[in-house]
Structures are given as C-alpha cells and as structure tokens.
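Below is one structure, written out as structure tokens; the observations come after it.
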Amino acid sequence: MFFITYLRRELRRRMRQAVFIALGLALGIGLVVTVTAASAGVRTAQSDVLSSLYGVGTDVTITGKAPSPRSPGSGPPKGGQTFQVGPGGAQVCENGKCHNAAGTTTDNLVSGSYGPISQSKVAAVAGLKDVKAAAGGLAVTDNRMTLPKNFGKPGSSLPTPSSFNVDGVDTSHLSLGPLSAGTITSGRSLKGSDAHSDMAMVDSGYARSRKLKVGSTVTIAKKKFTVVGIVAQPQGGNPPDVYIPLARAQALGTAGPSGSLKNKVNTIYVTAASAADIPAVQKEIKRLLPHDTVTTAASLAGQVTGSLASTAKLADDLGRWLSILVLIAAFAVASLLTMAAVARRAGEFGTLKALGWRSRRIIAQVLGESVTIGLVGGAAGVGLGFAGAAIISAIAPSLSATIASPTGQHISSIGASSGAAGPQNFSPTVTHTVAVPMSAVVSGSAIVLAVLLAIAGGLLAGSFGSWRIARLRPADALARVA
Amino acid sequence: MYQLTGVTKLFVKGRRTVTAVQDLNLVISGGEWLAVQGRTGHGKSTLLNLLGGLDRPSSGTIDFDGKDLAKLREGQVTRLRAESIGFIFQTFSLVPTLSAAENVEAALCPLGVRAAERRRRVGAALDSVGLGDRARHLPGEMSGGQQQRVAIARALVKEPTVLLADEPTGNLDEDTRDEIINLLEKLWRERGLTLILVTHDTTIAGRAQRVGVMSNGQLSISQDTRHRTATESMTD
C-alpha cells in the first residue's frame, strides 16, 4: 500500500528527528504511566486500609454522629464514665454516681467514636431504592484502666488507659462489614446461632500479640468471651481486635453520655446496587438520617493520615502536574518539530499537489507519520512506565497510615480554681498506625491511557503540520523548490 | 484546448503590487507544442502555474476544454490536474525517499487505480523513458538526466492531455539536455500531447511549433512552421 510505503520511507529518512520526538513523548507518557501506577498503588494501599475498616463490598458507611466534646467544667455525663480529679482525690462517676476510684480497675465497652443509631434504621436503609444490602454494626472500644492508689494526689501520674477495639457484628449479615474482608486462619467464623453467646473472633495480629488461640478467652466489659476463630485482615489495614455478636455488644456497651446501646448500632454498612448508584444512595441516606455521617470509600480516604496520605497527595498533586507539564512540553516539541519538518517538505507537498493529490491525502500522510511516531513513543513510554513502577516498588519504603479513634473516655480535671490552667477536660484518643507496603502496578487502564495519549500527541503534532499544509498554495510551495 | 482571455495575475509584495501576467489573450490548440521564453521574473512560470491550475488569475478567464479554471473549486482543479495535466520541473521534484517506480506511482494514487494496474502502468512508463531497469533506485542514486526521465514518466503515466514543462533541461548538461528534449519530442509526437514548455534555451524553443516570449507579463507569439502538429504526425 502506497500510504504505508511512503510513511515508512519518510520516517526512515527522518529517523533521528522521529526518534527524538518519540523519546520526548515516551518521557511524558512514561511519567504519566509511572505516576498512574504509583497512584494506583497508593489507592490499593488505601483500599486495603479502608476495606479492613469497613469490609469488602461496602460502598457507603453510615456512622452515628460523634458525641460533641464536653465543655470545660460541665458535670459528669449520664451513662458514660468520668474520672474527676480534684483536691479530694480521684473519683470515678458512672450514671451520675461517684465513688473513690484510687486503686480500682475499670473495664467498659464504650461507643465513643460514634453516636448510636436506632437498629430499625438498618432495615429502613436496606429498603431504600438503589440499595442492595445493609447491615448494622457496633464499633466499640473496650477501655480498661487501673488507677494508681495515690491517683489524684499531688505528684501522682495520670493513668494510662489500655484499650482494644471490639466490633459487634450482625451474625446474620456476615458478608457485609469488617469480617467480610478477612480470612479465617484458625477455628471458625461467628454464625447465626452465636447471636446471643459470649463467642468472639480475634484478629490474627491481636491474637499474636496477646498469645490468643481458638479456645482462649478474652475479657470484654468484665465478661469472658471464648475465642472461636482467628481472622486475618488484608495487610495494611487497621482491623478491630475482637469481633463479638452484635447483640452481645449492644447488651454490654454503653454509648458514653447517651447511655445504653440496646437496639442500637453505630455503624451501618451499605452496598449500592451498582457503583454508579453510590452518589444517589448517599443522598437518599442523607435524607433518611440527616444527623448521621454518611461516608463513601472516597471520602473515607481523607480520614487517613500519615505517609500514606502524604504519598497519595504527592502522587495526586505533584505527580499529576509534573506529568502534565512534561506532556505539554513533549507535545509542544513534537508539534514544533513536525511543523518544521512540514515547512522543509513544502516543495515535496507542492509537487504532490501538482500531481493531483488533495490536501486531505497529504494531511493524512503527515498525520499517519506523526501518529506512528506517537505510538512508538507511547510504546516506549509504557516501557518506561513499567520500569518506573518497578523502581518505585523496589525502593519505596513502607507507608504508614494513621487512623485516630477516640476511646470514649472522658477525663476531667476540676483542679484548683486558682490554677493557671483551670478546669480541663480531655478525651484520650487511640491512634493506630499501620505499615502499608507501597507497590506501583501498571494497570491495563494506564496502558490504554498511554496509547490514547500517544495518539493524541501524534494527532496534535500532526494537526499543526496539517494546518500548514492546508494553507499551502501549490504555486508557492513549488516556488520554494525552484 | 486552452483559451485565455484578458488574464492578469497580480502579486502583492508588502506595499507593492507586482503584475506578473498582464491582460493575456492566448489560444493553445490541442496537440500543439508552445515554447515560452523570456527573462527571469517576466511571468513565464506564473503563466505555467495558471495553465496548470496551480494558481488562479486575478482577473480574466482560462478556459480549459470548456471549463474556466479560474472559477472551478479547488477540489475540481485538483481532480483536473490529477487526470489531465502533467508537470515537469527544472529541479525534477522527485520525492527523495521513494524509488523511481514509487515516484511514478505517486501520480496514479489520486486516480484510484488498482495496485496491479498501477504496477503495470508504472513499468510501462519507466520503459517508455528507458528506465525500466532503474525502477527500484532512489533519486539520489540516479543522474540528473535519469531523474528528469523519471519525472517525465511520472508526468505521463496518467496519460494526460497536457504536459507543462518548466525549464525541464535547466539543470542538465548539453548532452543530457538533447537527450531529454528528444524524448519529450518523441512522446509529444507519439501521444498527441499539448506541450507547453518554458525555457531560456533558444535552441530548444526553436524546436516548438510556436514560440512565445514573455516580457513584463505580456506574451508575444511568433509562428514557427518547422514542425507539424503531433496529431498530424500521428495520422501519417
């Protein structure tokens, strides 16, 4: 075919220039592929963290409105446990009743992070249009604290609370929620008949650190639960430490200032009918539960901090802009060189016009050449992208993801009224930092993007040349040869 | 074949307007060989461009077989060039990356001729200019005379009715010049072409049926009866 022959010969003649343009495009496209791969790696890491938090298949998560921070000097909250430290020593107050706390150990299951939602709302959410399934859960924290005997006296240290996360899971909807992402490494999963039993599953990491195995017991809110299974969550996540039946969590837990958790959940896991329905589902839920927090995976990513978040930001912001700048530069160089080449070949094109070639045939020839160069650049760019992704995977350090969650405890210091600091409240926050492996993987979509960019680069460069050809009068073109 | 009436071509160069062709009236019969002479810059090449539809007149009409080239759309003029008008240039204007055969084939591309037929016609055209054995050679591998022969084959492969030659021997030595002119004359006679040839060379011009001299955009024609028309030669 004459088109191919002419194209091949012309590219061979301008080999050095063609290689230069292709390399420029390859650099830009390679950078885009690398950044895309890095972003995908970061997203995968985020996804691992998020899916371990809320489970696989959860599109939308509803959490009860977080309790508002208490104002300094306010009285002890109803239901929640408060330590008051004053001149008379330490007191622990529960449901408005206070007693001397020094030397005592407390063990409470508290929903401190999220406010309670009526369990009936789970069914209401499940019945919404575009919702495929919904399951309730109770994310609570078991707080244990032993107060020193001299607690509250001048010079005494503050107690350090120890806590672990407990998830009350709906044993009839185990395919939704945090357990859905896990793999059982030992024992069995919870089942419907465990709904009212003191049975627990333990996260493999927690089991390892506490030397727990199937048959061991864990104490939650002073109740002993038998471990029936060990579950491993995806690497890089921040899974709950212990899973117990929802009904048991409801029975044992307290909602901090709001009291009992009976018939309450604080998290609803929702699967939309399709990915496209997620925004609509989010809106519908917002209408149904206007005071609660509706979170999608995308918005949840914003709550993760640490180097994972920094890398995500780096990849999204710096990486994207750097790629765009390099691409613009590569496209501009390719366009300028193509225009220069067309100008040099004006006589040749004039001859072809004299032979009866229409402008569009000549334009097609030039576009064919520049798109071919673009595709070669794209192929080289994909290669560079793979190399860049491999380098990132090889040298990138593990990323850390930090997720903060309140313990639900409230410590207030009444203090001396003349004290400089005055009365203060604080709620201890437990932060979980997990290491997330960073791996950049070139996806199929990144390759498709590279091919599209290569074609776009070629077309753009060729179109500038084509514009010149279209304006070229044959007599003028031939005059340049003479 | 051609009837030019009141043809004027103006070029605007900055603030200056240059008259390249002025109020030209000319009739060229089919099968005629017209040589155009004149000093550089007096409008010879402009006249050739106007006759070939490569440029449009500022005023006047150029009637080519009943069609006014000045009024045809660009696509129609391009089609006309592809089918009926062959060009030969002083600098040969071959595409340097294409072989002799591919350069000749380029003239058939706009006509939509099938590949097999293209190959046959290209081979015949190269044979007719004595370059059948050089089909695969690139222009850079051939002498000037051979390159001009390829250009002639390219101009004639589509079997045009008109051949416009702009200083076809200007870049050639004397022997090669004679060789090329003899070839052109032979083809003109054999094919009944209308040949319009621009040249500085009086010897070459003298072989044409009519000689026109361009001076300041105006053409004066002198009759030369040494040759019979190509059509007349062919009917013998």
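Note that the structure is predicted; figures quoted are calculated from it, not measured. Chain letters run A, B, ... following the sequence lines, proteins first, then strands; residues in each count from 1.
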Which bit of B:A115 comes within less than 4.5 Å of chain A, counting heavy atoms only: side chain, backbone, both or neither?
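Contact with chain A involves no heavy atom of B:A115 at all.
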Given heavy-atom pairs under 4.5 angstrom as the criterion, report whether the side chain, backbone, both or neither of B:L80 touches chain A.
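The answer is neither part of B:L80.
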Hey, mind stepping through A:Y6 and B:V95 against side-chain contact (heavy atoms from CB on, under 4.5 Å) and telling me if it holds?
CA-CA 9 Å; A:Y6 191 10; B:V95 179; 3.7 Å; yes
Let me know if A:R361 has heavy atoms under 4.5 Å from chain B in its side chain, its backbone, both or neither.
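Side chain only.
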Flag side-chain contact, heavy atom, 4.5 Å: A:L355 against B:R154
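They are in side-chain contact.
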Note, A:F2 side chain near B:L98 side chain (heavy atom, < 4.5 Å):
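A side-chain contact exists here, since the closest heavy-atom pair is under 4.5 Å.
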Atom pair [atom1] ([X]) and [atom2] ([Y]), whose distance is rounded to the nearest 0.5 Å:
X: B:E102; Y: A:T5; atom1: CD; atom2: OG1; value: 5.5 Å
X: B:T97; Y: A:R12; atom1: OG1; atom2: CZ; value: 10.0 Å
X: A:R9; Y: B:S99; atom1: CZ; atom2: OG; value: 5.5 Å

Would a distance-only check, ignoring hydrogens and angles, find a side-chain to backbone donor-acceptor pair under 3.5 Å from B:R79 to A:G356?
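No, B:R79 side chain to A:G356 backbone: no donor-acceptor pair under 3.5 Å.
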Ion pair A:R358/B:E74, N-O distance below 4.0 Å
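Answer for the salt bridge query: no.
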Heavy-atom neighbours of A:R8 CZ exceed 12 at 6.0 Å:
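Yes, CZ of A:R8 has more than 12 neighbouring heavy atoms, counting only those of other groups under 6.0 Å.
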Is it true that atom CZ of B:R39 has more than 12 heavy atoms of other residues, nucleotides or ligands lying nearer than 6.0 Å?
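Counting other residues, nucleotides and ligands, CZ of B:R39 stays at 12 neighbours or fewer.
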Determine the minimum heavy-atom distance between B:P110 and A:W357, stating which atoms define it.
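What the structure gives for the nearest pair is CG-CD1, 3.5 Å.
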Quick check: closest heavy atoms across A:E348 and B:P96, and the distance to 0.1 Å?
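That closest heavy-atom pairing would be OE1-CD, 4.1 Å.
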